[in-house]
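Working notes, structure below.
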Amino acid sequence: MARRITLEPTGSGTAPENLTVDYRAELNDQQYAAATANPGALLIVAGAGTGKTRTLVYRLSYLVETGLDPRSIVLLTFTRRAARDMMTRAASLLDGRCQRVRGGTFHSFCMQLLRTHAPALNLSPDFTILDASDAADVLSMLRTRGGYPDRADRFPNKGTLQSMFSDTVNRDRSLSEALNDRYPQFTHLHDDLRELQDTYRAYKAEHHMLDFDDLLRRTHELLSQNDTVRQQVAARCRHVLVDEYQDTNAVQADLVQQFTSVHGNVTAVGDDAQSIYRFRGADFRNIFRFPKQYDNARVLKLEQNYRSTQPILDLANHLIDHANRSYDKTLFSDADTGDLPAIVPAADTAMEARFVGQMVAQLREQGVPLRDQAVLFRSSHNSYDVEIELGKRNIPYVKYGGTKLSEAAHIKDVLAHLRVAENPDDAAAWNRILQLIHGIGPKTAQDLIDWLTDDDHSAFVVDEQGHFAQRYLDTLTQLLNTLRSIRPDEQPLTEQMEAVLTYYRPLFEEAYPDDYPKRESDLEHLAPLAARYDSRQRFLADLTLDPIELTALDQEGATDDEAPLVLSTIHSAKGLEFHSVFLIHALDGTLPSQYALDEPGGLDEELRLLYVAVTRAEENLFISYPMLQTSRYYGDTMASRSRFLENVPESILEPVELVEAPPESTSDALPESPEPEALPTPDDDNTSAPKSDLSEPEDGLPF
DNA sequence: TGAAGCCCCTAAATG
DNA sequence: AGGGGCTTCA
């Protein structure tokens, strides 16, 4: 590494006393120190609800105000939504001066770099992107081609292959290390797997396809192998801000260092207690490595919580104190009154759902808007009964963490047509659209793909008649005609989409005979979305890298309506806050997930997940679980509450009993309940606790 | 040989 | 609700 000379700022910006924003007045001491720290490497360790985002926004604003060109600042966040929110907030502080800040996720920023510098990597700038399921499909195809399933009776299936190979990239380790650590049952297949991985890489390169991991890996490769490019890139990022640093993985941490290698100006924000993305290679130890990684790094802490009441923090602190690792942080709040968090056992999932539905409705009547309430859960299918209940009550909701628009099969179909037009070598997209044609299955599709992506045949023309079977020739010709007409990307995107839909609709109705009318409305939503883009390439990349929730789409048109209730996986609720939080399905085996139990460190991660859920709440926190789980196959099974919530003193987590309202005519509906207690009254002296009983809204039948 | 139909089973988190 | 494995059909 060359000798380094640090350039001092020359004061071209506004002098500190003439700044537009009064940082002193708007931030507490710790936040102020962080926001206004001198350039260089800065790590802000910030507990939940301590104003981490606020501080980052003010830091951004401060950097711009003191003279840094917004275009040379890069803001890396976990989702595009987070980047947009922060830039909007910073822009409003500074009359729009922050709008030209570059930002987004690691994946989208890397994609931009790769498009710009594609030639240096022998890459077509028109490469298309494979999401995880596309990648799995390609692997499945190559696996069949290589004859692997025949060689071993138990070869990993496509999803496992995909995550296995993904692991090697995100944890930056060899296949044998990954196998030993996470897939010991497949270690004996190492050589076959290694070969398949090589084949997969070669196949992607040949067809100009990049999967999510390639976006990171190849950028890293670009910058480590090409010093000129690295310096160019780093020179254009005068300051790099990274949010949620605890959820970066090995490659991402390296990338940050590469981006900042010319000047060392980096601000990272994170909380080791909130690291919840281990499964995709995130390593909270990146936080502790940061000071070693950057010369003269400063570390600042934010400890005062502005979000939650003290009782909620008491529970959060209690939970995290019982982690194997001790987290050196105790959150405190000025808001020391408030209801105790409640633990609510329900008879079964339906009753749990009724409880949530009723409470949400009551809180709304008491003036807590739906958008300030959230129902959180470990995995997306946990909310099934709650969704039914909300439907009955006509309560609008958005669900985060469910199926994404671009993951729905019928949407993928349409997008695959556009992808082929964009990149005629995209074998994954070809594979998908060819198999929609009646008479074309996996084998024929493969033969056709080899023919179509051959250099001599990429003109979308069927010219060698003998090559094709009659059974699909008509449809194939229609397909190629359609693709040929949209290939140049000259018509507006909406017209291209219309052309695709004209061809696709008959196939669509055949492919989804049971429910195509329902799916049709999704297709109709796609056109207005496309209308906002003038580049097909950007449209496709955005849908893949910044996925839209299917349920958010239904809400979109109705802007005048009440903002909906939030249903979210805990993962997707990261960084958000709500007046009232309902954490449902707090069951052992669900949270912690049974999958985590035998993974080393898995249980700790589940506990952090619970911690994240708890610290989303400002005023009210209800943790509920069904005592009976109904499964179609095992029948009803007894379920027990999460082990994390056993033995929590009642002074910290108050039990609430759900009681059926006695039917008006009879009095013996629930003989086992001696004194029906109105529900829930966590603290009698606090008026914000809604009182209620569990009466059914309409079709009420006590069970 | 390859496509399509059928039945069984199980169901994590995300860019 | 959808995928994977197996059987049947062209």
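Computed from heavy atoms alone, side chains included, the values below leave out hydrogens, waters and symmetry copies. So you know, we letter chains A, B, ... as the sequences are listed, proteins then strands, and number each from 1.
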Practice item. Scan A:R80 against the nucleic acid and name what it touches under 4.0 Å (heavy atoms): base, sugar-phosphate only, or nothing. Key: nothing
**Study point:** Atom-pair distance (NZ on A:K412; C1' on C:dG2), nearest Å
**Key:** 14 Å
Exercise for review: Run the ring-centre check on A:F78 versus A:H107 and record whether the distance is less than 6.0 Å.
Suggested key: no
Practice item. Answer with base, sugar-phosphate or nothing: what part of the nucleic acid does A:T79 contact at a heavy-atom distance below 4.0 Å? Key: sugar-phosphate
Practice item. Would you please name every residue forming a salt bridge (Lys or Arg N to Asp or Glu O under 4.0 Å) with A:D474, sequence neighbours left out? Key: none
Exercise for review: Apply side chain to side chain donor-acceptor pair (under 3.5 Å) to A:T128 and A:E422, showing your working.
Suggested key: CA-CA 8 Å; A:T128 36; A:E422 186 64 26; over 6 Å; no
Check your understanding: Has A:K518 got a side-chain N or O lying under 4.0 Å from the OP1 or OP2 atom of C:dA1?
Key -> yes
Practice item. Could you tell me which residues satisfy side-chain contact (heavy atoms from CB on, under 4.5 Å) with A:T544, sequence neighbours excluded, listed by chain and number? Key: A:I129, A:D131, A:F212
Point to revise | Selected nucleotide, minimal atom distance to A:K158 side chain, candidates B:dG15, B:dT14, C:dG4 | key: C:dG4
Study note, to complete from the structure: Between A:F212 and A:P442, the residue closer to the 5' end of DNA chain B by nearest nucleotide is A:P442
Exercise for review: For A:S108, report the nucleic acid contact type (base, sugar-phosphate, nothing); a contact means any heavy atom under 4.0 Å.
Suggested key: nothing
Review point. To the side chain of A:R280, which of B:dA13, B:dG15, C:dG4 is closest?
Key: B:dG15
Check your understanding: Reckon A:S572 has a side-chain N or O less than 4.0 Å from the OP1 or OP2 of B:dT14?
Key -> yes
Check your understanding: Just how far, in rounded Å, is C1' of B:dA12 from NE2 of A:H571?
Key -> 8 Å
Exercise for review: Check each residue of residues 588-596 of chain A for a non-hydrogen atom within less than 4.0 Å of any atom in DNA chain B, then write out the ones that pass by number, or none.
Suggested key: A:S593, A:Y595
Practice item. Could you tell me whether A:H107 contacts a base, only the sugar-phosphate backbone, or nothing, with contacts defined as non-hydrogen atoms closer than 4.0 Å? Key: base
Exercise for review: Compare the minimum distances between each of B:dG2, B:dT14, B:dA13 and the side chain of A:Y277, then state the nucleotide with the smallest one.
Suggested key: B:dT14
**Study point:** Distance in angstrom units between A:L507 CG and B:dA4 C1', rounded
**Key:** 16 Å
**Study point:** Whole-Å distance separating the CD atom of A:E407 from the P atom of B:dG15
**Key:** 9 Å
Review point. At under 4.0 Å between heavy atoms, what does A:N157 touch on the DNA or RNA strands: base, sugar-phosphate, or nothing?
Key: nothing
Practice item. Evaluate the ring planes of A:F155 and A:Y148, with Trp represented by its six-membered ring, and classify them as parallel (under 30°), tilted (30 to 60°) or perpendicular (over 60°). Key: parallel
Exercise for review: Write down the distance between CG (A:L540) and C1' (B:dG15), rounded to a whole number of angstrom.
Suggested key: 16 Å
Exercise for review: Assign each of A:G439 and A:L545 to its nearest nucleotide of DNA chain B by heavy atoms, then name whichever residue's nucleotide is nearer the 5' end.
Suggested key: A:G439
**Study point:** Contact under 4.0 Å: A:T569 side-chain N or O vs B:dT14 OP1/OP2
**Key:** yes
Practice item. Take the protein atom CZ of A:F155 and the nucleotide atom C1' of C:dG4, then report the distance between them rounded to whole Å. Key: 17 Å
Point to revise | N/O donor-acceptor pair under 3.5 Å between A:T219 side chain and A:L215 backbone | key: yes
Practice item. Take A:T168 and A:Q197 through the side chain to side chain donor-acceptor pair (under 3.5 Å) test and state the conclusion after the steps. Key: CA-CA 10 Å; A:T168 65; A:Q197 185 174 33; 3.3 Å; yes
Practice item. Round to a whole Å and report the spacing from NE2 of A:H381 to C1' of B:dA11. Key: 5 Å
Check your understanding: For A:Y625, is the NZ or CZ atom of A:R641 found under 6.0 angstrom from the centre of its six-membered ring and inside 45 degrees of the ring axis?
Key -> no
**Study point:** Nucleotide of B:dA13, B:dA4, B:dG15 approaching A:H438 most closely (side-chain heavy atoms)
**Key:** B:dA4
Check your understanding: Is A:R519 touching bases, backbone alone, or none of the nucleic acid, heavy atoms closer than 4.0 Å?
Key -> sugar-phosphate
Study note, to complete from the structure: Picking from B:dA12, B:dG2, B:dT14, the nucleotide nearest the side-chain atoms of A:F279 would be B:dT14
Exercise for review: Whole angstrom is fine here: how far is it from OH in A:Y512 over to P in B:dA4?
Suggested key: 14 Å
Check your understanding: With the threshold set at 4.0 Å, does a side-chain nitrogen-carboxylate oxygen contact exist between A:E387 and A:K399?
Key -> yes
